[in-house]
Amino acid sequence: MYALSPEVELVAPPLIYVDGRVYRLAPAALVVVSTLVDATAELATDDLDEAVLARLLDLGIVIRDGAVSGVASSRIRHPLAIHVRSYSTTLLRLLRHAGALYPFRTTVHAGLAIVAGLMVFVWALRDVHMTGGVAGLLTRISIAEIIAAVLFSVLAMMLHEAAHIAATRHAGYPVVRAGLGIYLTRIVCFVDLSALDQAAPSQRRHADLAGMATDSALVVMVWFLGGMRILPSDFAALVAVGYISSLLFSLNPWAKSDAYWFLRDCHPRPTFDPSNWLLQPRLYLARAFCRHGGDTALLRHHFTAGVIWLIVSIGWAATVAMSFLNQPSYDSGQLGSWAMTAVTVALSLVGLSAVALALLKGSQWRNS
């Protein structure tokens, strides 16, 4: 599955020369490189230190062997403009253990879980609409419930990425990198699933949907606990509202989200990456609307899904905005409650991001 990069010019332990650069390899890295140099040796990937392997891949010393033709893909979820980023082996181990809770084993099971989550959201939205909409909900909830909802969203995000790891490892492929970052004011967790490029399409699609399936299972669980009066009903409704916002984020095909990878994995590997729509819009549209072309079906589906996502997102934003505009009155107490909610959410997210990155900074694998 792995081989020395063609850019490796000379191996003189403990030194290795790669495309004009020289590195001094640690003993663990030397074991991997020496095995790859020896054509008669067998490389048991299960016994490798995944952090060391990730570092060798990152430096271009080792490559994945047997890659198929087409556009190479670095399957890192949420590769948006993350302002602060920290990779961590500690986080990776934590997500691996959390992935043991992932209950689904096929794409069909994950899809059914997502459908169940959407049904619960529709039911919860009906109840919210009957009691003043999202604006009325934000007026009724307490500061403690807001903080609890923010903490729940962070937990859901971690379990989302743990599900991606679990589905990838269940398919027999390693996950070698995970990290945290800050996107705007929100903490973002991401994992590198590039090893999935060697997996069967059905296995890749299952890994693509695993995170959203976990989100859906969580919202169904909270809704059930709210219906049993174990949790406050307003808190369960707030979790449902947060769920659909998170789901829209994961379904955005214009970024390299879960939906983007799912669309790619439903088609042969493209020669033109749909994620380049912003960098090369004319070529993107020309290939999407040409009559014959290898990437035409994928790009058309990508464009159609993107337009549908924009319509749904605008509709959801308009629904939330109208719930504020349709309030019968705007007294100082109500306006103060909304302002306090916004401040509490922002401070909670920034505080959690800062604490998480500070704790994880020492576990970065820069020297692995």
What pairs of residues pass the side chain to side chain donor-acceptor pair (under 3.5 Å) test when at least one of them lies in residues 311-321, not counting sequence neighbours?
-> none
Are H301 and H267 close enough that their ring centres sit under 6.0 Å apart?
-> yes
pair D215-I114: side-chain heavy atoms closer than 4.5 Å = no
Whether H302 side chain and P253 backbone form a donor-acceptor pair below 3.5 Å | yes
Taking C-beta and beyond as the side chain, do L118 and I244 meet within less than 4.5 Å on heavy atoms?
-> yes
Between atom CG of N252 and atom CG of L310, what is the distance when rounded to the nearest 0.5 Å?
-> 7.5 Å
Which heavy atom in A305 sits nearest to a heavy atom in L263, and how many Å separate them?
-> CB-CD1, 3.9 Å
Take H160 and D258, measure what side chain to side chain donor-acceptor pair (under 3.5 Å) needs, and give me the verdict at the end.
-> CA-CA 11 Å; H160 178 109; D258 295 342; 3.0 Å; yes
Apart from V115 itself, what residues make up its hydrophobic cluster when side-chain heavy atoms of I, L, V, M, F, W and Y under 4.5 Å apart count as a link, directly or indirectly?
-> M119
For L218 and V239, run side-chain contact (heavy atoms from CB on, under 4.5 Å): C-alpha distance rounded to whole Å, both residues' side-chain angles, the deciding distance at 0.1 Å, then the answer.
-> CA-CA 9 Å; L218 286 173; V239 168; over 6 Å; no
Scan for ring pair (Phe, Tyr, Trp, His ring centres under 6.0 Å) pairs involving residues 135-154, sequence neighbours excluded, and state none if there are none.
-> none
Apply side-chain contact (heavy atoms from CB on, under 4.5 Å) to the pair F262 and L209, showing each step before the final yes or no.
-> CA-CA 7 Å; F262 184 78; L209 296 181; 3.7 Å; yes
Can you name the residues that form a side-chain contact (heavy atoms from CB on, under 4.5 Å) with A288, not counting sequence neighbours?
-> L299
A166: partners by side-chain contact (heavy atoms from CB on, under 4.5 Å), with sequence neighbours left out = Y102
Student check: side-chain heavy atoms of L95 and M158 closer than 4.5 Å = yes
Counting heavy atoms not belonging to R126, are there more than 12 under 6.0 Å from its CZ?
-> yes
Within the side chain of E145, is there an N or O that forms a donor-acceptor pair under 3.5 Å with the backbone of S142?
-> yes
Quick one: do the R264 and Y260 side chains pair a donor with an acceptor below 3.5 Å?
-> yes
For L247 and M212, run side-chain contact (heavy atoms from CB on, under 4.5 Å): C-alpha distance rounded to whole Å, both residues' side-chain angles, the deciding distance at 0.1 Å, then the answer.
-> CA-CA 7 Å; L247 190 64; M212 292 184 287; 3.7 Å; yes
side-chain hydrogen bond (donor to acceptor under 3.5 Å, both in side chains) filter on Y243, not counting sequence neighbours, yields S216
Contacts satisfying salt bridge (charged side-chain N to carboxylate O under 4.0 Å, His left out) that involve residues 234-244 (not counting sequence neighbours) are R140-D234
Side-chain contact test, heavy atoms from C-beta onward, threshold under 4.5 Å: evaluate it for L298 versus P274 and give yes or no.
-> yes
One should read off an interatomic distance between W254 CH2 and W277 CH2, to the nearest 0.5 angstrom, of 6.0 Å
Is a side-chain donor or acceptor of R105 paired with a backbone partner of A110 at a separation under 3.5 angstrom?
-> no
Among all residues two or more places apart in sequence or in another chain, which pass the ring pair (Phe, Tyr, Trp, His ring centres under 6.0 Å) test with F289?
-> F303
Any donor-acceptor pair under 3.5 Å linking the side chain of T214 with the backbone of A210?
-> yes
Check the pair V175, L196 against side-chain contact (heavy atoms from CB on, under 4.5 Å), reporting the backbone distance first and the verdict last.
-> CA-CA 9 Å; V175 178; L196 273 178; over 6 Å; no
Using atom types as modelled and distance alone, determine if a side-chain donor or acceptor of W223 lies under 3.5 Å from a backbone N or O of A240.
-> no
Does R204 reach the side chain of W261, with side-chain heavy atoms less than 4.5 Å apart?
-> no
Return the set of residues passing side-chain contact (heavy atoms from CB on, under 4.5 Å) with A200 (not counting sequence neighbours), or none when no residue passes.
-> S202, Q203
Using links of under 4.5 Å between side-chain heavy atoms of ILVMFWY residues, direct or through other members, which residues join V108 in one cluster?
-> L112
Report yes if the side chains of L151 and I147 come closer than 4.5 Å at any heavy-atom pair, otherwise no.
-> yes
Salt bridge (charged side-chain N to carboxylate O under 4.0 Å, His left out) pairs, two or more places apart, involving residues 303-320 | none
Partner set under side-chain contact (heavy atoms from CB on, under 4.5 Å) for L30, not counting sequence neighbours | P13, P14, L25
Taking the side chain from H164 and the backbone from A207, do they hold a donor-acceptor pair closer than 3.5 Å?
-> yes
Residues R287 and D295 bridged, charged N to O under 4.0 Å = yes
